[in-house]
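Data first, discussion second: the structure below is written as structure tokens.
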Amino acid sequence: MIFSSLVFLYLFLPLCLLFYFLVKSTKGKNGVLIVFSLLFYSWGEPVRILFLLLSAVVNYFLGIGAAPTREELKRGDDTPSVRRKVFLALGLVFNIGMIGVFKYSKFIVTNINGIFGASLPVPNIEPVIGISFYTFQILSYVVDCYWEKVEPQRKFTKLLLYISLFPQLIAGPIVRYSTIADEIDNRRVTLSDFSEGFSRLVLGLAKKVILADNLFNIVDQFFGKDVGALTMAGTWYSVILYSLYIYFDFSGYSDMAIGMGRMFGFHFNENFNHPYLCKDVTEFWQRWHISLGSFFRDYLLPIPVFGVRNKYTSLFLVWLCTGIWHGANWNYIIWGLYYGAFIMLETAIGKKRMAKIPIVIRHIYSKLVIIVGFGIFYFEDLGDLGKFLRNLTPANPNGFSSGIEAMSLVNNLFLVIAAIICTFPLLNLVKKFSLRSQNTKAVVSVAGTLVSAGLLVLSSILLVNATANAFLYYKFG
Amino acid sequence: MQRDPRDLRLQQRAQYQGGRPVNSAGQPGQPGQRNPRDPRDPRGIRDPRAQQRPVQRPDARPVNRAGQPNPNRGQVRQDASRSLRNVEQVKSAAQKSAPKMPQRPPVRQTEEQRLAEHKKKIISSSRKREHSLCAFNTAVLLTIFGFITLFMTFGKRPNAALEENRDLAKMPTFSWKSYFSGEFTSAFAEFYNDTVPMRSTFKTIISEFDAKLGLSYGGAEIHGDLPIIDNGDKDTASGNTSKIPPTANLITSHESTKAPQSTQSTAQSSGSTESTTESSSAESSSHEQPEVNAPDHGGEMSGTVLVLDDGTGISLFGGSFKGGEFYAGMLNKYKQQVGDDVNVYSMVAPTSGSFYLPAKFKGYMASEWDNIENINSFLDGVIPVDVYTALSKHVDEHIYSRTDHHWQPLGAYYAAQEFARVAGVPFAPLSDYEAVSRDGYVGTMYMFSDWNKKIRDNPENFTYYKPQNVYETEYYDNNMNFKYKSSLLLNIDNLATSSWYLVFIGTDEIVTHVTTDCKNGRKLLIVKDSYGNATIPCYTNSFEEIWMVDMRYFQENLADFTKEKGITDTVFTMCSFSAVGGNATDLKNMIY
């Protein structure tokens, strides 16, 4: 089920909220959330629920096995026992194996066939939606158990709740167990939580339905056909709009997830922090899909193979993994390594020397890298990717402009301007302003309510048309 | 900065075993030290969660390496709820320390008490205010949310969309089998979305909103599909036209070779402007593109079509020379299979854009003329029928629908006339038909334009022509199983206003067989898209038998079928979109 659909918003969510608040005990509320989460996940393809349950059951035991027993804790063993190491290894093999089989087997076999001229049967496995996200979550849980950062959850249903919690199930943010471990048992939905969560949900919905979907319509007019036939201006125009689209689509989803989480009393970490404000590529990744970046930072680097002393090797590996994570396709690998290369470059230059470069140049440089990067991200077909890269340059055989991109820009001028403005931290400015006095706070708050109300109505109407626009990150799940 | 993972683990273990609150920077410590912000920050006052939640955040670590998010920047600073909690902890600690006060000297106590009370008052009033603002926000949003939920649940759901000429999705019946296969859920979602109460009203609102996303650019707007014009190998294509004029010969060695003469007389008597005397050889590429000056109108791209100010919807042709080459190749292959006994013709009809697109929009549409010429240049043994020129002579008449993507029956008639001339068969004048005319036609363009008001508000006339001679029609399914005998033309008054074009045989997914009283031994096979449907009544005076199959749906081998039915003439009749686009690839299913 897609968050930005009428079925979800006006059938599933009201029912879920109704039962959630009718039930008084936290235990009951957890039950409601589990039932609705499983319903949510099984919507459309009930079979995939088996993968989720299998993953939950296996990792339940792995988590307990990887954590120290009470005796071990009492003894204060410094080195983990063999049992714990085995369970950790099993956890890694099982979870990475799950992703490998369900997401990459087709890609791997196809490439082996291609490279070695073998003719292995290509497995016909369709990727299971959300598997990369929830597998990463549960992998972090098992590793955290091993590292003794969290106490293993001995109640299966509670662990299941953590894995299946529908706001963050399919497309992140990748919530750590430690973030919500306490809230699984002790949480209270306060009025301010519910209110802010609701506003956040509406904000995310508006980002998706008003900005992202309309931006994508334009992008599709250009990229959706033959990219080889685009002019240079047309290619730049569409890839810039695509970069805006992908931000609003993904951060809109995260907003909705975080908002709904708060409505149920959970506090997830932020996933975006105005990425387009970054001054360099390194900073971009501190502001973009934060939960993924921090996952790799926390779980990949401490592993000896990755944490080798040579920082360039580890950077290479991290960015290779980031690329691969996004999809079983060469363009994602290229995309990951492309970022890795720029970040290595920035590391080599060093922070101090980077800071000496004029800010304007740094902004232009970083935006160029990001925008071209999203072009690489878009074109899964390497032939099209080649044409795209060629068409960005004066080597474009179709000339600089056919005038049609100017027409498209004028036709969508307000949309494009609004999208660009919305990449700035407007809400933070408003919040700062509202802190001036009690009165400004009240005025800003009431105005915010009215804006949210308007956005909710408008987005809901627009949803009558946008029935099939799934979130982009669903496909990376 | 490289860290030793073991240090980290030790530190984590300390946190874990000690059970002390850990701040977001990963250091165990006093709550008071942790928060860099002023504990009196008013943002900290509002949240009552503070006392309940011990802050335990062992996950964040101060790793700061190039390329990896810095938790201090990426999470702490922006994580409003977390920093709130920190502030709250400070506050709760401050409150806990309050009971210790009585031990202090009494004078200072009253002073401090007064201060505290004053502070408390401010805090409680600001808290009340905060609370009521939250309540207001929640109440407003919940009201709207609840209203829409009730509206969606209990509003009257429509079951058909007349303007789209289709029934809306139906509520699926539940069964465990369909649930587990996923059919039920997807069908239900489709039903739920498709049948939103007051659907057409919302569609209109959406189309008006879309139009407000930007400004009009020289009178034109693009909101839907953008044609990407294929200029790819234009040079080679036009080169082809000039160098190889197709010289297919018409086989007239059939029972009645007299037919061509009578054709001419009929054609001329019907007021045709054609005066060709040579019907035994096909038109070659020696002709020029007829010039047509379309009246000037402003317009906007709406949905997938360009809507002119007078309410004319025009589908913008993207063109594809490669597609055309493929199409021609399929026809050539078919011609080879059927051999010299069968005349094969290619009748690619231009769409309304060729004649009615104002000059200022010409750049947005590929040339249908060039694309048809390109096709003709690849034809080998197949006879091209130039309906472009034929139609261009009647642009002042109602030959294309303004509100529908098809031609008007009159346009089909002129095209059929040109074919009859080339094929050398008799052709009845319009006066031999009974004209049936209806006003108020708003066709498919209304849907293609995403419910553009200009289309809706400018309905047009629809006139079709009933043949008056004796003929019989029977229908088969696409695997050639007999279905039923019926009339060739449906009763237009039983059709929805938007689908009057369906008056011709009613559907595309059917095989039509007409037997006429014209006894000239010629048997026609029409392989077509929906443009062909309107031509079939025009041939009831021209051929003894007519078979018509749809290029997209027919399941049999076309060459076998042709031989089996004793076909003498096969005409491929379709609009330019089908000939160069995806529809043509379906020809592979019958020509192999």
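Treat the numbers as computed from the prediction; the structure is a model and nothing was measured. Side chains are part of it too, since the values below use all heavy atoms of this structure and drop only hydrogens, waters and symmetry mates. Lettering follows sequence order; numbering is per chain, from 1.
Heavy-atom pairs under 4.5 Å with chain B peak, among A:Asp280, A:Val281, A:Leu415, at A:Leu415. Chosen from A:Thr449, A:Ile218, A:Ile417, the residue pairing most often with chain B at heavy-atom distances under 4.5 Å is A:Thr449.
Residues A:Leu191 and B:His131 meet the side-chain proximity criterion, which asks for heavy atoms closer than 4.5 Å. By the 4.5 Å heavy-atom criterion applied to side chains, B:Phe136 and A:Val446 are counted as neighbours. Using a 4.5 Å heavy-atom threshold, the side chains of B:Asn193 and A:Val464 count as separate. When side chains are defined from C-beta on, A:Lys441 does not count as touching B:Arg129, because their heavy atoms never get closer than 4.5 Å. Side-chain contact between A:Asn214 and B:Phe209: present, with at least one pair of heavy atoms (C-beta onward) separated by less than 4.5 Å.
To the nearest 0.5 Å, atom CZ of residue A:Phe194 and atom SG of residue B:Cys134 are 11.5 Å apart. Atoms CG and CG, on B:Asp194 and A:Leu6 in that order, are 11.5 Å from each other to the nearest 0.5 Å. Rounding to the nearest 0.5 Å gives a distance of 7.5 Å between CD of B:Glu130 and OG of A:Ser445.
Annotation for B:Leu141 and A:Leu456: closest pair O-CD2, 4.1 Å, computed over non-hydrogen atoms. Residues B:Leu133 and A:Ala442 approach most closely at CD1-CA, 3.7 Å, considering heavy atoms. Of all heavy-atom pairs spanning B:Ile144 and A:Val457, the tightest one is CG2-CG2, 3.8 Å.
Contact annotation for A:Leu201: neither backbone nor side-chain heavy atoms come within less than 4.5 Å of a heavy atom of chain B. Of the two parts of A:Ile49, neither the backbone nor the side chain holds a non-hydrogen atom closer than 4.5 Å to a non-hydrogen atom of chain B. With a 4.5 Å cut-off on non-hydrogen atoms, B:Leu150 does not touch chain A at all. Proximity to chain A is limited to the side chain of B:Ile205, based on heavy atoms less than 4.5 angstrom apart. Heavy atoms of B:Phe180 lying under 4.5 Å from chain A belong to its backbone as well as its side chain. Residue B:Tyr179 touches chain A through both its backbone and its side chain, counting heavy-atom pairs closer than 4.5 Å. At a 4.5 Å heavy-atom cutoff, A:Ile258 makes no contact with chain B through either its backbone or its side chain.
For the residue pair B:Asn137 / A:Ser199, a side-chain donor-acceptor distance below 3.5 Å is found, with atom types taken as modelled. B:Tyr192 and A:Ser5 share no donor-acceptor pair across their side chains, judged by distance under 3.5 Å alone.
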Legend entry - Full working for side chain to side chain contact (heavy atoms under 4.5 Å, CB included) between B:Val196 and A:Tyr10: CA-CA 11 Å; B:Val196 171; A:Tyr10 295 112; over 6 Å; no

Legend entry - Trace of the side chain to side chain contact (heavy atoms under 4.5 Å, CB included) decision for B:Thr185 with A:Trp43: CA-CA 6 Å; B:Thr185 46; A:Trp43 186 264; 3.6 Å; yes

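The six-membered or imidazole ring of A:Phe198 lies near that of B:Phe145, with a centre-to-centre distance under 6.0 Å.
By the 6.0 Å contact criterion, CZ on B:Phe151 is enclosed, its count of non-hydrogen atoms from other residues, nucleotides or ligands being greater than 12.
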